There are 2 protein chains.
Amino acid sequence: MQKIEKLLESKNIRVTAMRLLIYKFLAEKQIAVTLSDIENAFEKADRTTLYRTVKTFEEKDIVHQIDDGTGITKYALCENGCNCEIERDLHLHFHCNNCNETVCLTEHKIPQIKVPDGFVSENVNLVVKGICDKCSGQ
Amino acid sequence: MQKIEKLLESKNIRVTAMRLLIYKFLAEKQIAVTLSDIENAFEKADRTTLYRTVKTFEEKDIVHQIDDGTGITKYALCENGCNCEIERDLHLHFHCNNCNETVCLTEHKIPQIKVPDGFVSENVNLVVKGICDKCSGQ
DNA sequence: AATATCAATGCAATGGAAGTGCAATTACTG
DNA sequence: CAGTAATTGCACTTCCATTGCATTGATATT
Ligand SMILES: [Mn+2]
Ligand SMILES: [Mn+2]
Ligand SMILES: [Zn+2]
Ligand SMILES: [Zn+2]
């Protein structure tokens, strides 16, 4: 995958085997993953390396962090061509109470939220909890 | 404060000195507090007691938990006459990136959020981050 | 190619917060 | 005043996030 290498280089991230693997792993998954998920997928690698790799990706706006309320931070690849450097991609996240999976609903942007006078809104986190499409059985 | 005692009794919570103190503490504060905040306010009391007191309040719908994305759960009194037993009070929470305080904006209800077909929405967490009224200097 | 330099990785340890088991204490009941 | 049940305090555990430091690996320079 030359594409991934190109992407990493364009963000000034050195291409390493580990980073390519983790990127591919994130790209395959359609859901947000925890560090433990990554850990289980790469048992040979050290936890710290995985942690720091994801953090690097996060700093360079390749992945974004998701707080879905489970208390465990999850990560997902940013949308292709997102502008995280300029402005957080304010899409909706959905957490399934049944299968415990969290997905990015990138096509569902967060509506403008009114705040009282004196308050300045800079960022919004919106998580909907319920039953996902796979679990609702249709 | 006979009122607090009445409230606790109406929720089948035994009135104890500790519980009255913690309730008053939460009532005085206009912001959401962490367990550590309570701990600092009652250094004589044991952390576990404070923890369990808040949990009891939460179960009995006297306080609600707030996940503002800081990774530390916060708590705030429910609105007077809220119907948390029946349906979570879906109001907005605001987290100030400057003073790090989180407030309930109880008058700002969360708008209806559209989710894709097959998804069932049961609950919504909406946190706006930015600068609060105290910090924005007006 | 050998060396110097800097980044990436692995290992060990730490810290913070949430949660639990059990014994001691306190409050309620008859 | 017992007897019983709930509350409180202490110690301990678990889980995740994070850091320090030594080691390995890659890159650039001579
Ligand atoms: Mn997302
Ligand atoms: Mn609130
Ligand atoms: Zn599901
Ligand atoms: Zn503020």
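Here the structure is a predicted model, which means the values were calculated and not measured.
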TODO: Return the nearest nucleotide to the side chain of B/Thr49; candidates are D/dC16, C/dG10, D/dG9.
DONE: D/dG9
Task: Separation of C/dC28 P from B/Arg19 CZ (nearest whole Å) - done: 11 Å
TODO: Only one of A/Thr34, A/Asp67, A/Asp37, A/Asp68 passes side-chain hydrogen bond (donor to acceptor under 3.5 Å, both in side chains) with A/Lys74; say which it is.
DONE: A/Asp68
Open item on the list: From the set D/dA6, D/dT18, C/dA17, return the single nucleotide nearest to any side-chain atom of A/Tyr51.
Closed with: D/dT18
Task: Nearest-nucleotide 5' precedence on DNA chain C, B/Arg47 against B/Thr16 - done: B/Arg47
TODO: Whole angstrom is fine here: how far is it from CG in A/Leu20 over to P in C/dT9?
DONE: 10 Å
Open item on the list: Let's see if you can work this out: which of D/dC10, D/dC16, C/dG10 has an atom nearest to the side-chain heavy atoms of B/Asp46?
Closed with: D/dC10
Open item on the list: Tell me whether the count of non-hydrogen atoms from other residues, nucleotides or ligands lying under 6.0 Å of CD in B/Glu107 goes above 12.
Closed with: yes
TODO: Classify the angle between the aromatic ring planes of A/His64 and A/His93 as parallel (below 30°), tilted (30 to 60°) or perpendicular (above 60°).
DONE: parallel
Open item on the list: Distance check needed: D/dT7 C1' versus B/Lys55 NZ, whole Å only.
Closed with: 18 Å
Task: Spacing of B/Glu5 atom CD relative to C/dA27 atom P, expressed in whole Å - done: 13 Å
Task: Donor-acceptor pair under 3.5 Å, A/Thr48 side chain vs C/dC11 base - done: yes
TODO: Rounded to the nearest angstrom, tell me the gap between atom NZ in B/Lys60 and atom C1' in D/dA6.
DONE: 11 Å
Task: Selection from C/dT9, C/dC28, D/dA17 that lies nearest to any side-chain heavy atom of A/Met18 - done: C/dT9
Open item on the list: For the CG atom on B/Asn80, are there more than 12 heavy atoms of other groups (residues, nucleotides or ligands in this structure) within a distance under 6.0 Å?
Closed with: no
Task: Interatomic distance where CD1 belongs to B/Ile22 and C1' belongs to D/dT7 [whole Å] - done: 12 Å
TODO: Would you classify B/Thr34 as touching base, sugar-phosphate or nothing, given that sugar-phosphate means primed atoms plus P, OP1 and OP2, and contacts are heavy atoms under 4.0 Å?
DONE: nothing
Open item on the list: Output the rounded distance in Å from CZ (B/Arg52) to P (C/dG21).
Closed with: 10 Å
Open item on the list: Heavy-atom nearest nucleotide on DNA chain C for B/Val15 versus A/Ile13: which residue maps closer to 5'?
Closed with: A/Ile13
Task: Atom-pair distance (CG on A/Asp67; C1' on D/dA17), nearest Å - done: 14 Å
- [ ] Taking only Lys NZ, Arg NE, NH1 and NH2, and the carboxylate oxygens of Asp or Glu, determine whether B/Glu101 and B/Lys134 approach each other closer than 4.0 Å.
- [x] yes
